[in-house]
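What follows is a set of notes on a single structure, which appears directly below.
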Amino acid sequence: MKVLVGVDVGTQGTKAAAFDEAGKCLGQAFCSSKLHRPKPGVVEEDPEVQFTSVCTTIRECLKTANVDRRSVEGIGLDGQMAGILGIGYDGRHVTPYDSWLDTRCSRYIEEMDRTAGDEILAKTGGPPSFNHGPKILWWQRQRKQTFRRIAAFVQPGGYVAMRLCGLGADEAFIDKSYLHFSGFADNQKACWDTELCRQFHLDQEVLPRIVSSHQVIGQVTASAARRCGLAAGVPVVAGCGDTTASFLAAGATAEGIGVDVAGTASVFAMTTSRFKADRKHRTLVCGQSAVPGLWHTYAYINGGGMNLQWFRDNFASTDGVNGNNVSLKELDTLAATVPPRNDLPLFVPHLAGRVCPAQPQLRGAWVGLTWNHTTAHLYRAILESVALEYGIYQKVLSGLHRQLKVKEIRVTGGGEQSALWNSIKANVIQRPFRRVVRSESAPLGAALLAGWGVGMLTNLPEATRQWIPLEESTRPKRRLATLYAERLARYEDILNRLS
């Protein structure tokens, strides 16, 4: 048996999964993250702990799979996309992982936006945010002594891959799927932009080489192999960002296939064949797909899926103790009894501020409540809010890509199981939504890249069709198009007034 291993170095934890040539999952393992929050605004992780968690989960998933360690043909890794960590010349970390949740770089977001915001957006595909550029400037300006020791900045997935292969800083890398978060790249040319670096007095030496997602970057060393339960010499591919891996795991390998990641963050993405920066609305970001020649244009609601649990725990309890006797499935069933009407309340899902576009001071709200509204109405409004936000993203997308023909949106993540939610989204967007019948998500995408990189899989789009089963589509009801267009207009008006 030939085995591929995919590893996701995520925010909640590290997950590894082993697959055979046909895409069957043979075993999985998970290890929780250890976020360090020493004071407000600071969110860090220890890169050594991240590396250990990867070794542990690979070993455990192979043990669960009960396969010979010599059967592993390749390893692919994905990881958190917007955070960074600095490494020394020996390839070992000299900074903690500066998480995408860390907000210390706020002033440098403002500086980059003020100095070259439109240029950064046009070249990278994404605006300055809590991502690489402002974070690098924070380390350069606020931690000068540490900055002098930094040979390169990398991301967790890349760092772990380097550690597995014993690579030094001269072989540090970033794959193309991260470049829209970089602040300093020409994304279309897949190279660092000299002019952007000059404007912010950044030496390009601290920016790693740019590689393709399926490129083999090294082989597992003997010492790392012992920690992982592997045979030495297993090829490791560069992998990609966790969001990009999730898109691949949904089979978004052709233009017009969208993805709805119904997870902690609600992500709406569309696969296109052209790079286009959203300079007008600054709502959508445009990043490279793991499939050469394709792009993912997407936006997300920070905590969009988290709102469901928040409502359950705080407002849907029948015993007053964290809603322990009310499940999300029961709330879903309850909300399904409420037919779509124009007099239902509307919910603003941005409890922690709006990200796309950046409106950090915006907060959540219910609007239009009456004494007739119940728990079912409020929960349905939360589900509908994500669909309405997607409706805004879709309008912006249609303006950017006027000739794009949207085929369907694939649904993945925990919320994929809600038939009601999928139906509401389909009716707002007026496109079919189709559930992905797999639960491995990002590790599956990383494993596909490993298979392609080592030659086990010769055609990535074809492999995704074989590996990823899909359910029948949830099709939109044309008769509801006018109703949801009216509700979308009301929702947009509420956002404008609140912000």
Practice task
Considering only NZ, NE, NH1 and NH2 on the basic side and carboxylate oxygens on the acidic side, decide whether Lys2 and Glu73 come within less than 4.0 Å.
Solution key: no
Problem - Arg282 bridged to Asp113 by N-O distance under 4.0 Å - result: yes
Problem - Result of checking His401, Arg274, Lys276 against Thr297 for side chain to side chain contact (heavy atoms under 4.5 Å, CB included) - result: His401
Handout entry: Residue from Ile174, Val216, Val237, Asp175 passing side chain to side chain contact (heavy atoms under 4.5 Å, CB included) with Val211
Key = Asp175
Is the backbone of [Y] close enough, under 3.5 Å, to the side chain of [X] for a donor and an acceptor to pair up by distance?
X: Tyr393; Y: Tyr300; result: yes
X: Ser33; Y: Gly13; result: yes
X: Thr64; Y: Glu60; result: yes
X: Arg279; Y: Leu121; result: no

Completion exercise
Residues passing the ring-ring contact (aromatic ring centres under 6.0 Å, His included) test with Trp452, sequence neighbours excluded, are His214
Problem - 4.5 Å side-chain heavy-atom contact, Asn187 and Cys286 - result: no
Handout entry: Check: Gln80/Tyr97 side-chain N/O donor and acceptor closer than 3.5 Å
Key = yes
Handout entry: Exercise: do Thr11 and Trp100 side chains pair donor with acceptor under 3.5 Å
Key = yes
Name the atoms and distances for all side-chain donor-acceptor pairs under 3.5 Å in residues 344-354, with sequence neighbours left out.
from	atom 1	to	atom 2	distance (Å)
His350	NE2	Glu389	OE1	3.1
His350	NE2	Glu389	OE2	3.4
Arg354	NE	Glu389	OE2	2.9
Arg354	NH1	Gln359	OE1	3.1
Arg354	NH2	Glu389	OE2	3.0

Handout entry: Residue pairs involving residues 240-289 (criterion ring pair (Phe, Tyr, Trp, His ring centres under 6.0 Å); sequence neighbours excluded)
Key = Phe247-His296, Phe247-Tyr298, Phe268-Tyr390, Phe275-Trp295
Exercise for the section: For the residue pair Tyr379 and Phe311, categorise the inter-ring angle as parallel (less than 30°), tilted (30 to 60°) or perpendicular (more than 60°). Expected result: tilted
